[in-house]
Each structure stands twice: as C-alpha cells, then as structure tokens.
Amino acid sequence: MSRTVLIVEDNPGIGQLVKMHVEDLGCEAILETRGDEGLARYREGDIDLVVLDLMLPGMDGLAVCREIRSGPGYVPVLMLTAKSTELDRVLGLEMGADDYLTKPFSVAELAARIKALFRRVDAMAAPAPEQMAAERIEIEGLIIDPTRRRVSIQDEAVDLTAREFDLLFHFARHPGQVFSRTQLLDSVWGYNHEGYEHTVNTHINRLRGKIERDPSDPFYIQTVWGVGYRFRD
C-alpha cells in the first residue's frame with residue numbers, strides 16, 4: 001500500500017500486534033505509547049492513517065482525536081477501545097473518528113477496516129465518474145452537493161463527517177430503496193462483519209440528529225421495521 005500508519009496504543013502486546021499486521025499490509029507502521037507523544041508525531045506530518053486507543057497516558061484518545069480534527073487536512077482515524085457502551089462509541093465519533101473497533105478484535109477485521117478507510121480516502125481524492133457527473137440533490141429543503149461534498153438544510157450548512165456524508169449521499173442516490181444494515185456496511189463502509197450492524201445504527205442516529213427536524217419522527221431517513229432503512233421517495 002505504501003502508506004504510513006501511526007499507532008497510538010499503550011498496551012505493548014496489542015501495540016506490537018497491530019504494528020505487525022499493519023506492516024503485513026505493506027504499510028510503514030509507527031508505534032507510540034502515549035497520547036501526547038502520538039499527537040506530536042502526527043503533527044510532524046506524513047501520516048496516512050491513525051489507529052488510536054481510547055484510554056492513553058498523557059492525553060486520552062478523545063482529546064488526541066479532537067486535536068487531529070482541529071488541524072488542517074484530513075487523515076482517517078480508527079479508534080480502538082476496550083469499552084463497548086454506546087456512549088463511548090458516540091463520543092469517539094463525535095470527536096471525528098471515522099470508525100472504531102472494540103477490543104478484543106480479530107486480525108482479519110482490523111485489516112478490513114484499515115483497507116476500507118484507505119479505499120474511501122482514495123475515492124475522496126479521485127471521485128468516481130458517477131459522483132463527478134451527479135447533479136446536486138434537493139428535496140424538501142435538503143441540498144446535497146456531491147462535487148463539493150456539502151450539505152445544507154434550509155440554506156444552513158450541516159457539518160457532517162466524511163462517513164456521514166457518504167451514508168447520506170448513498171441513501172439520496174437511491175430514494176425509496178430499502179437497505180439492510182449489512183448492505184449499508186458493504187456499500188458505504190466497504191466491509192461487512194457479523195455483529196457490527198450497530199455501527200450503522202450509530203451513524204444513522206447521528207445523521208438524523210443533524211438533518212432531521214424531529215429525529216424521533218424522521219422525514220428523510222426512514223426505518224423499515226425488520227428490514228433496514230430507506231431515503232424518502
């Protein structure tokens with residue numbers, strides 16, 4: 001892949017394991033064991049992806065992620081956490097993490113997540129022809145501009161993460177079509193691992209909180225009970 005991955009993990013066993021398998025993907029791996037030192041190395045530049053533990057000495061992962069997102073440019077962040085509560089996942093996503101893995105995780109899943117994040121970065125740098133040619137989508141005050149990757153509601157800009165935009169754009173390009181959580185993982189995340197459908201739920205809840213007037217009674221992204229979700233036809 002010829003990429004550089006910064007791993008910030010204070011557990012020596014996990015850190016070395018992640019480093020070894022990142023290198024197996026053909027990437028250069030840099031391992032830091034403190035949050036503040038990881039952030040300092042990130043700021044030196046030439047980092048293509050950050051694998052970031054949530055609980056770190058010096059500076060916790062949420063603070064590191066916040067600092068990364070406050071700077072210029074975009075580098076994907078994959079957050080690792082031993083915690084599995086929805087609050088911890090949401091906090092990581094709110095700080096700008098692109099994805100998360102709950103420990104313990106499989107090596108195959110780690111590799112799949114990393115490769116999916118790199119594919120999405122490549123797609124953002126060189127948009128697919130269908131996205132380049134797409135005209136902006138407008139429905140009931142919601143405007144999606146795929147060429148500029150901008151969204152607005154009633155002329156007010158909506159701040160979406162890259163993943164949230166991809167999810168919304170995927171829905172809007174297929175109005176009325178019902179997607180299961182597994183299909184959304186395949187199409188938007190680029191991978192599918194059994195048991196991780198809650199990733200889709202979390203992102204849809206956050207997306208609804210940003211674009212829906214009443215997230216408890218959504219207008220745009222509707223739930224089809226027992227099946228999945230669809231964008232308003």
Side-chain angles (χ1 to χ4, degrees), residues 1-82 89 91-103 105-128 131-132 147-150 159-166 188-191 199 203:
M1 285 186 176
S2 298
R3 321 259 191 167
T4 300
V5 177
L6 173 62
I7 304 158
V8 191
E9 167 63 66
D10 65 326
N11 183 301
I14 294 176
Q16 289 297 329
L17 179 68
V18 173
K19 184 175 185 292
M20 179 179 67
H21 289 290
V22 164
E23 291 172 341
D24 285 345
L25 293 174
C27 301
E28 178 185 355
I30 299 169
L31 177 61
E32 299 287 352
T33 58
R34 291 176 54 89
D36 49 357
E37 293 173 357
L39 180 60
R41 176 58 188 87
Y42 171 81
R43 286 173 170 166
E44 292 177 11
D46 298 323
I47 299 297
D48 297 298
L49 183 143
V50 180
V51 179
L52 180 64
D53 189 26
L54 179 62
M55 303 300 293
L56 291 165
M59 177 184 288
D60 67 45
L62 292 177
V64 173
C65 189
R66 185 189 306 114
E67 289 298 314
I68 289 174
R69 286 291 174 257
S70 67
Y74 167 75
V75 171
V77 174
L78 174 61
M79 188 162 281
L80 306 180
T81 174
R89 297 194 299 268
L91 283 174
L93 296 170
E94 287 287 354
M95 291 301 104
D98 295 274
D99 208 347
Y100 64 89
L101 274 174
T102 302
K103 302 173 186 176
F105 50 82
S106 72
V107 169
E109 185 175 2
L110 171 68
R113 300 287 182 108
I114 290 173
K115 288 189 284 187
L117 286 171
F118 281 145
R119 285 197 300 270
R120 187 159 62 83
V121 168
D122 290 341
M124 289 169 62
Q131 183 167 332
M132 287 292 292
T147 58
R148 295 179 177 83
R149 296 182 66 86
R150 294 177 181 172
D159 184 20
L160 299 182
T161 66
R163 185 79 74 186
E164 289 166 354
F165 180 91
D166 291 343
V188 179
W189 276 258
Y191 59 78
T199 300
H203 277 78

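Only a predicted model underlies this, so the values are computations on that prediction, with no experimental measurement involved.
The neighbour count for R150 CZ, taken as heavy atoms of other residues, nucleotides or ligands under 6.0 Å away, does not exceed 12.
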L25 and F118: CA distance, side-chain angles, deciding distance, side-chain contact (heavy atoms from CB on, under 4.5 Å) verdict: CA-CA 11 Å; L25 293 174; F118 281 145; 6.0 Å; no
Name the atoms and distances for all side-chain donor-acceptor pairs under 3.5 Å in residues 45-56, with sequence neighbours left out.
from: D48; atom 1: OD2; to: T4; atom 2: N; distance (Å): 2.8
from: D53; atom 1: OD1; to: K103; atom 2: NZ; distance (Å): 3.0

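The nearest pair of heavy atoms linking E9 to G15 is CG-N, 3.6 Å. Between G35 and V64, the closest heavy-atom pair is O-CG2, 3.5 Å. Closest approach of G38 and V8 over heavy atoms only: CA-CG2, 4.0 Å. Nearest heavy atoms, C65 versus V77: SG-CG1, 4.2 Å.
Residue pairs meeting the side-chain hydrogen bond (donor to acceptor under 3.5 Å, both in side chains) criterion with at least one partner in residues 56-70, sequence neighbours excluded, are R43-E67, R69-D98. Every pair passing salt bridge (charged side-chain N to carboxylate O under 4.0 Å, His left out) that includes a residue from residues 21-33 is listed here, sequence neighbours excluded: K19-E23.
Within the model, atoms CG of L6 and OH of Y42 stand 9.5 Å from one another, a figure rounded to the nearest 0.5 Å.
When each of L110, V18, I114 is tested with L101 by the rule side chain to side chain contact (heavy atoms under 4.5 Å, CB included), just one qualifies, namely L110. Remark: of the listed residues I14, L31, I30, L31 is the sole one forming a side chain to side chain contact (heavy atoms under 4.5 Å, CB included) with I7.
R149 places a side-chain heavy atom less than 4.5 Å from the side chain of D166.
Looking only at distances, no side-chain donor or acceptor of R34 sits under 3.5 Å from a matching main-chain atom of M59.
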